[in-house]
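In the text below, chain A, chain B and the rest are named by the order of the sequence lines, each starting its count at 1.
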Amino acid sequence: MNALAMLPLHLDTWIVSLLIGVAFGYTLESSGFGDARRLAAQFYLQEMRVLKVMFMAIVTCMLLIAWSSALGWLDFEALFVNPTYLGSGILGGFLLGLGFIIGGYCPGTSIVSMATLKVDGAIFVGGVGIGSFVFGETADGFREFYDTAGFLGRFTLPEWLGLPAGVVVLLVVLMAGFMFWGGEILERTFGRGGKQEGKEQTGARPGFWRPAMKGGAVAMVVFLVLAFALPFVGQPTIEERVQALDAETTPLLESRDVQIEPIEMLGLMHNHVQGSLGRFRLVILDVRDESEFNLFHLVDARHVTLDELKGDAGRALRDQAYDTAIFVVAAQGEVRSTEAWKILHAQGVRNAYVLAGGLDRWLEVFRGSDASFDTALGDRYPFARPTLPVFQQMVKAEADGDETAWKVKPVVKAAAPTGGCG
Amino acid sequence: MKEPRPYWNAYVGGIVLGVVLFLSFALTRHGLGASGGVARAVLAAEKVVAPDHVNRSATLASWAGGEKNPLDSWLLWGILGMVVGGVVSGLRGRRLKLETYKGPRISVPTRWTMALLGGVVMGFGARMGRGCTSGQALSGGAVLSVGSWALMFAIFAGGYLLAYPLRRFWN
């Protein structure tokens, strides 16, 4: 595992966005996507340019991601994966398809068409603006459908199919290869050849192995080899991801930026963040053994094992339902909670903290004695959540002495990047 | 005016596009986007004209309400870059020319009307689908999002469904 340069870099600056946009626009225009006729030809099976460019791009990028992830250079969990909304997604996609054949562009292609002074492209861009406006004005009426119909959160094909990522990547490459092969046959059957003026010939030419196809075939062979090898390399396990992220997590842990003192924890339990009321959802994860949890635990704490955090239960914490969540991991001391925190980090869960000193310190502060219990009262002890006045007094007392060092950052909704066209 | 240069081979274009998409993921964590930038520009205008209206609507407020500035987004920089990239590629390919691309059997005004209509449908659909061909089909497709793949197939379904009735407009 290479722990030095873990991708993605978090370069969300305007200059990076601009440069990526330049490359994107240049590529689209050079690939012929600024011409509505060539895009529409896809739907008349005359020219499969849309299919070829799109699937080649998807396969290329997918293989680059899968391989850099397999080699430990890139943390897939940190990437934005469009959340799945089957209802609005399929309806929206269907409308996109209708708009595509009516207007001849999609939003991205119309922008490069406009850039090359095509009047139809510019008008289409205006139409996209109007359509967005109409959606914004009407969406309140179907908000529930929009937000909930078929909502599955971050959900990938490997998770859906229950197959290893490498196998799914291979299947996608095979599917793309099959589609390219079919596309070539369709182009030769329905293609217009050189009938349209001012364009390169794209249709039937003598011989199956046109030069244009040779390139594609060579690329596909390379891609297939890469895809076949992938399942043998495998994707990093959660343990390996924890290890790979060491360079990122160690400084955070050593500077004690993520360990919160009992006073701050108590504040969180009373909806205080940074010493004042805030809006967030507190999720307390108790990673001790279940018997200890039953004896005593914090109010609203959830018992969870490290193994559960490594699996689906950990992944589920990235869900949209936790968009505004602040996670605090509690253990007896700090060893197991630090381990849990690392797992959460590797699962792509941010806004997670460790209860400093664990419940031992908590009990010392709020109970004034050690952690021995005769009866299993769970969270029915007063010190399972001391009252708000207790917190306020503590803050006051600390203000007289040294300043309280608040560590929990207030959460803003959509801490994850808004992806795609969102 | 000289003849426009031929376009790239579609497979080469796809590979280059895939590398650009990967760079976007590797540098910024997210893929590419287009329609969102247009939507945000519209929202910004709406906010200037009717800020109260924006704050009252749950949908509009979630994008541009209160302190939120819809222009403060990578999507808009991306669009600006796309225009620059499109101009450069158009110049290089000798395609920078004021004209209208249309099927051979329809008039220019008809083509413009269809472009507007298609744009409106697509603008609405892109917001409904939380992304367009770039942000969903391409970006979400590459990271194997189930929703993005469903949306991608829905695009092709919608396109092929109307292709035959609309053949006069393109052929």
Side-chain angles (χ1 to χ4, degrees), chain A residues 7-8 11 14 17-18 21-23 25-26 29-32 36 40 43 49 52-53 56-58 60-61 64 80-82 84 89-90 92-99 101-103 106-108 112 115-117 119-120 123-124 127-128 131-132 135 139 155-157 200 216 417 419-421, chain B residues 6-7 10-11 13-14 17-18 20-22 26-27 29-30 33-36 39 42 59 74 77-78 81-83 85-86 89-90 98 100-101 115-116 118-125 127-129 131-135 140-148 151 154-155 158-159 162-163 170:
Chain A
L7 296 173
L11 288 175
W14 66 270
S17 303
L18 185 78
V22 172
Y26 188 94
E29 211 287 329
S30 294
S31 302
F43 297 102
R49 196 167 266 275
K52 289 185 201 169
V53 174
M56 205 59 159
I58 288 175
T60 305
C61 179
L64 284 169
F80 174 79
V81 173
N82 304 59
T84 291
I90 290 174
F94 189 70
L95 291 172
L96 288 169
L98 300 184
I101 193 66
I102 296 170
C106 61
V112 293
T116 57
L117 306 179
V119 183
D120 52 326
I123 291 175
F124 189 96
V128 171
S132 313
F135 181 85
F155 189 44
T156 61
L157 293 175
E200 88 184 286
C421 307
Chain B
Y7 289 117
Y11 297 115
L17 185 57
V20 172
L21 181 58
F22 174 73
L27 295 177
R29 284 190 289 175
H30 52 66
S35 68
V42 171
T59 304
W74 61 272
W77 290 108
M82 287 176 78
V83 172
S89 169
L98 192 67
T100 296
Y101 284 142
L116 183 70
V120 172
V121 173
M122 209 147 197
F124 188 90
R127 296 280 55 77
M128 176 63 82
C132 57
T133 356
S134 320
V143 289
L144 304 177
S145 161
V146 172
S148 299
L151 183 140
I155 291 178
L162 270 195
W170 293 110

Shortest non-hydrogen contact from Met122(B) toward Gly99(A): SD-C, 4.1 Å
Among Phe155(A), Phe124(A), Phe94(A), residue most engaged with chain B (heavy-atom pairs, under 4.5 Å): Phe124(A)
Of Val81(A), Ile58(A), Asn82(A), which is the lone residue that meets side chain to side chain contact (heavy atoms under 4.5 Å, CB included) with Ser148(B)? Asn82(A)
Nearest 0.5 Å, what's the CZ-CZ distance between Phe135(A) and Arg127(B)? 7.5 Å
For the residue pair Cys132(B) and Cys106(A), establish whether any side-chain heavy-atom pair is separated by less than 4.5 Å. no
Does a side-chain heavy-atom distance below 4.5 Å link Leu151(B) with Leu96(A)? yes
Max heavy-atom pair count under 4.5 Å with chain B, selected residue of Ser31(A), Ala36(A), Ala57(A): Ala57(A)
Interface residue of largest heavy-atom contact number with chain A, from Leu21(B), Val121(B), Leu144(B), Leu162(B), under 4.5 Å: Leu144(B)
Close side-chain approach of Val119(A) to Tyr101(B), heavy-atom, < 4.5 Å: no
Chain A interface, residue from Gly13(B), Ala154(B), Gly140(B) that has the most non-hydrogen pairs under 4.5 Å: Ala154(B)
So OG of Ser17(A) and CG of Leu27(B): to nearest 0.5 Å the spacing works out to 10.0 Å
Are the side chains of Pro107(A) and Thr133(B) in contact, using a 4.5 Å heavy-atom criterion? yes
Most contact-rich option vs chain B, by heavy-atom pairs under 4.5 angstrom, among Leu64(A), Asp120(A), Val128(A), Leu157(A), is Asp120(A)
How many angstroms lie between atom OH of Tyr11(B) and atom NZ of Lys52(A), to the nearest 0.5 angstrom? 4.0 Å
Can any side-chain N or O of Trp74(B) pair as donor or acceptor with the backbone N or O of Leu18(A) at less than 3.5 Å? no
If you look at every heavy atom in Pro8(A) and Arg29(B), which pair is closest and at what distance? CG-CG, 3.3 Å
Interface check, chain A: of Ser89(B), Gly78(B), Gly125(B), most non-hydrogen pairs under 4.5 Å belong to Ser89(B)
Verdict with supporting geometry, Phe124(B) and Leu95(A), side-chain contact (heavy atoms from CB on, under 4.5 Å): CA-CA 8 Å; Phe124(B) 188 90; Leu95(A) 291 172; 3.7 Å; yes
Looking at Gly131(A), Ala115(A), Gly89(A), Gly92(A), which has the largest count of heavy-atom pairs under 4.5 Å with chain B? Gly131(A)
Relative to chain B, which of Gly127(A), Ala23(A), Gly108(A), Ala40(A) shows the most heavy atom pairs under 4.5 Å? Gly127(A)
Please report the shortest heavy-atom distance between Ala163(B) and Phe43(A), naming the atom on each side. CB-O, 3.5 Å
side-chain contact (heavy atoms from CB on, under 4.5 Å) for Arg49(A) and Tyr7(B)? Distances and angles first, verdict last. CA-CA 11 Å; Arg49(A) 196 167 266 275; Tyr7(B) 289 117; 3.9 Å; yes
Is the backbone N or O of Gly18(B) less than 3.5 Å from a side-chain atom of Thr60(A), with the two atoms forming a donor-acceptor pair by type? no
Based on non-hydrogen pairs under 4.5 Å, which of Gly129(B), Gly147(B), Gly123(B) is most in contact with chain A? Gly123(B)
Side chains of Val143(B) and Thr156(A): does their closest heavy-atom pair fall under 4.5 Å? no
Evaluate the criterion side-chain contact (heavy atoms from CB on, under 4.5 Å) for residue pair Ser145(B) and Thr84(A); output intermediate values, then yes/no. CA-CA 7 Å; Ser145(B) 161; Thr84(A) 291; 3.7 Å; yes
Supply the atom-to-atom distance Thr100(B) OG1 to Leu117(A) CG, rounded to the nearest 0.5 angstrom. 11.0 Å
